[in-house]
S.K.: 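After the structure tokens below, expect a handful of questions from me.
Each ligand, and each atom within it, is numbered from 1 in the order the structure gives.
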Amino acid sequence: MVIVSNLGYPRLGENREWKKLIESYWNGDISQEDLLVQAKALRKAFLIKQEELGVDLIPVGDFSLYDHILDLSFQFNIIPERFAEEDYDLDLYFALARGNKDHVASAMKKWFNTNYHYLLPEWTKEKPRLSHNRLLELYLEARDLIGDKAKPVITGPITYVALSSGVRDHTAAIKSLLPLYKQIIQELVDAGASYIQVDEPIFVTDEGHDYLEAAKKVYAYFAKEVPGAKLIFQTYFEGLVDAKVLSNLPVAAFGLDFVHGLEDNVAALEAGYFADKVVFAGIVNGRNVWGTDLRDSQQLLAKIQEHVKEVVIQPSCSLLHVPVTTQNETGLEPVLREGLAFADEKLQELRILADQSGLVEPSPSFSQKVAAFEALQAADFRHVVLEDLNSVAKERQLPFQDRYALQQEKLNLPILPTTTIGSFPQSAEVRRTRLAWKRQQISDQEYEDFIKSEIARWIKIQEDLDIDVLVHGEFERVDMVEFFGQKLAGFATTASGWVQSYGSRAVKPPIIYGDVQHIQPLTVNETVYAQSLTDRPVKGMLTGPITITNWSFERTDIPRQDLFNQIALAIKDEIKLLEDAGIPIIQVDEAALREGLPLRKANQKAYLDDSVVAFRLATSSVKDSTQIHTHMCYSNFAEIIDSIRDLDADVISIETSRSQGDIIEAFETATYPLGIGLGVYDIHSPRVPTLDEVVANIERPLKQLSIEQFWVNPDCGLKTRRKPETIAALEILVQATKKVRKRFGN
Ligand code: GLN
Ligand code: ZN
């Protein structure tokens with residue numbers, strides 16, 4: 001008999017109940033008690049659902065009120081110094097995540113190569129101590145409901161420390177956490193827990209090599225101190241960095257990813273490292289939305305079984321990264337819908353596979369899944385003839401210096417030009433009106449007029465603020481990727497395919513299911529309208545091919561590079577339309593370029609090279625006097641700075657204010673010759689920056705970068721902010737810029 005396990009279940013809920021719940025608490029609509037009661041109800045519903053789907057080992061502790069890493073920091077009292085005076089309560093927990101009126105929030109970072117963001121643990125001088133055993137509370141709650149099926153889940157000490165900031169001595173930090181983990185685990189064991197999943201995904205990254213000695217010590221410590229614990233050393237997103245060493249850890253089981261780490265992990269099995277081990281095998285892709293070819297999985301399972309003592313099957317990683325269920329997707333073509341699998345369907349697939357293991361003939365549900373898989377592969381939308389790449393320009397005509405001079409002259413900009421990243425607050429009215437339009441309560445014309453009035457309002461606001469390069473504000477978009485998905489051929493938009501991005505923020509990635517083509521103007525109307533209202537340059541706003549791919553659920557039946565290029569050609573067509581309509585600056589956002597970087601060095605170059613080719617296919621066909629901007633989110637640019645330069649965008653804006661230091665360093669060591677705006681304030685928090693802060697943020701990089709190349713902008717789009725704080729912050733931004741310009745004699 002094969003057992004089915006799960007690593008983590010989406011928090012959001014089928015209809016984003018979780019998001020609504022948390023936000024209603026933040027907005028003061030419900031009390032803290034209501035929040036906790038309703039969160040508990042959700043948690044229970046998730047457990048029951050998984051039980052009904054036939055999962056034998058159900059994760060507990062994956063649920064969170066914001067982020068699972070923040071949960072750990074909070075219970076370990078790893079709380080930044082600046083919050084030291086605050087009471088230790090739920091509001092402090094949320095303040096760490098979102099900032100409060102006195103203090104900035106902790107930084108967010110991408111969870112490995114996903115679009116999930118965790119709150120960066122900030123270590124200060126104080127020693128960690130356990131304030132409460134959160135996991136025990138959750139386990140007890142789950143045990144009452146699902147008994148033995150409850151499997152506690154916790155991020156392991158090594159990964160936790162490796163992902164932290166402010167740690168001087170990693171070994172000492174890990175050591176300081178061990179007694180805390182020991183207590184948590186011991187109390188779980190005492191309460192009856194069997195398997196306990198300890199997530200250590202750091203051991204699939206190159207950095208994992210540095211922690212091999214720590215792994216030996218830590219897991220030997222647990223084996224000795226809590227001998228009754230059945231720990232699963234859980235990894236995902238790639239194969240183990242050193243299976244030989246890690247397979248010797250004294251744990252009860254190993255969780256391995258046989259989707260993203262297929263080659264390495266199979267090689268490790270074949271080398272015999274797991275011959276006498278229990279392996280939790282991730283054989284259904286936890287990151288994509290496609291139905292699995294169960295025949296392949298069956299073969300894979302058989303192969304794994306040959307090489308291990310016992311196997312449990314599960315998704316390749318937590319299902320946090322996929323939407324809940326395809327059941328509500330009644331708007332999709334049947335052949336597509338049947339070919340999809342979200343969290344619930346993935347668990348079903350695992351159940352079907354497990355049940356199949358004792359049978360000779362395929363069960364009806366097995367056959368049905370296979371038929372759906374085959375029908376999708378054969379569909380004609382996957383077999384379109386596309387434009388030839390050879391006839392498309394891959395570089396600009398003039399080198400940067402020459403064309404930049406042309407552009408700045410045409411645009412007539414001051415030094416330190418000010419601009420924003422594209423979106424302005426999507427007020428309740430914007431959202432309400434869009435909903436009314438979607439429900440056909442107002443006509444297309446009424447909706448269009450409304451969007452125009454919003455554009456006009458914000459063009460005026462930007463002029464009044466004295467910003468130099470204006471944007472139309474993106475009011476017509478819910479999401480920078482979904483919007484393009486709705487208008488390009490080859491994409492499908494789901495009704496409720498939401499996934500958590502950070503905190504209560506969810507995104508609804510479109511699904512790229514067929515060949516991508518530009519079949520209608522995407523942004524021309526709104527952009528041209530905005531430009532008609534002002535003499536200042538308006539910047540067109542598009543999303544780039546890599547970001548569209550990374551933030552979509554992509555098809556996996558063609559090489560990724562082909563997909564990048566298909567999208568690049570579609571964006572090129574749109575850029576041409578904007579340029580022909582007189583738009584002087586076009587921004588092609590590559591917000592997600594960095595996060596898509598493969599975890600292992602060995603795979604990074606190919607990805608970056610493909611990205612550069614696609615970006616240049618999209619942007620190189622313009623006139624030299626047309627200025628191409630790009631924008632990227634988050635830090636850690638050091639390792640990809642060469643590729644960023646190779647994109648050859650005239651101006652890049654980068655999100656930096658939560659990690660100024662790192663980024664400047666990257667630009668210091670590799671001189672960056674092109675136009676650049678380093679975000680001068682953090683848009684993720686409602687807090688309005690002070691003049692001095694912004695002046696400092698403008699001046700600091702000017703030590704390394706020339707004033708001619710520097711732009712001033714907030715650090716990302718302003719969509720999620722409210723209007724008053726947005727205007728207040730932009731006022732400061734412009735004021736600060738003017739102050740610095742004066743110092744430079746302008
Ligand atoms: N242009 C987009 C916006 O302003 C960019 C968002 C992003 O980088 N995530 O919303
Ligand atoms: Zn951004």
S.K.: How open is the angle at the Zn ion (ligand 2) from atom SG of C633 over to atom SG of C716, rounded to 10 degrees?
M.R.: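 Once rounded, the angle between the two atoms at the Zn ion (ligand 2) is 120°.
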
S.K.: Return the set of residues passing side chain to side chain contact (heavy atoms under 4.5 Å, CB included) with E725 (not counting sequence neighbours), or none when no residue passes.
M.R.: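 Here the qualifying residues are P686, V688, R721, R722.
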
S.K.: Is there a donor-acceptor contact under 3.5 Å linking the side chains of E122 and S106?
M.R.: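 A donor-acceptor contact under 3.5 Å links the two side chains.
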
S.K.: Sequence neighbours left out, what passes side chain to side chain contact (heavy atoms under 4.5 Å, CB included) with V740? Give chain and number order.
M.R.: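 Only L416, V695, I698, E699, L702, F744 meet the side chain to side chain contact (heavy atoms under 4.5 Å, CB included) criterion with V740.
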
S.K.: Once the angle between the rings of Y447 and W437 is folded into 0 to 90°, is it parallel (under 30°), tilted (30 to 60°) or perpendicular (over 60°)?
M.R.: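 Correct class here is parallel.
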
S.K.: Who are the salt bridge (Lys or Arg N to Asp or Glu O under 4.0 Å) partners of R536, not counting sequence neighbours?
M.R.: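 Per chain and number, R536 pairs via salt bridge (Lys or Arg N to Asp or Glu O under 4.0 Å) with D466.
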
S.K.: Starting from the N and O atoms of ligand 1, collect every protein N/O partner closer than 3.5 Å and put each pair on its own line with the distance to 0.1 Å.
M.R.:
{"from": "ligand 1", "atom 1": "1 (N)", "to": "I421", "atom 2": "O", "distance (Å)": "3.0"}
{"from": "ligand 1", "atom 1": "1 (N)", "to": "E474", "atom 2": "OE2", "distance (Å)": "2.8"}
{"from": "ligand 1", "atom 1": "1 (N)", "to": "D589", "atom 2": "OD2", "distance (Å)": "2.6"}
{"from": "ligand 1", "atom 1": "4 (O)", "to": "I421", "atom 2": "O", "distance (Å)": "3.3"}
{"from": "ligand 1", "atom 1": "4 (O)", "to": "S423", "atom 2": "N", "distance (Å)": "2.9"}
{"from": "ligand 1", "atom 1": "4 (O)", "to": "S423", "atom 2": "OG", "distance (Å)": "3.1"}
{"from": "ligand 1", "atom 1": "8 (O)", "to": "H631", "atom 2": "NE2", "distance (Å)": "2.9"}
{"from": "ligand 1", "atom 1": "10 (O)", "to": "S423", "atom 2": "OG", "distance (Å)": "2.7"}

S.K.: If you measure only the distance, is there a donor-acceptor pair under 3.5 Å linking the side chains of Q627 and R403?
M.R.: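 On atom types as modelled, these side chains do not qualify, holding no pair under 3.5 Å.
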
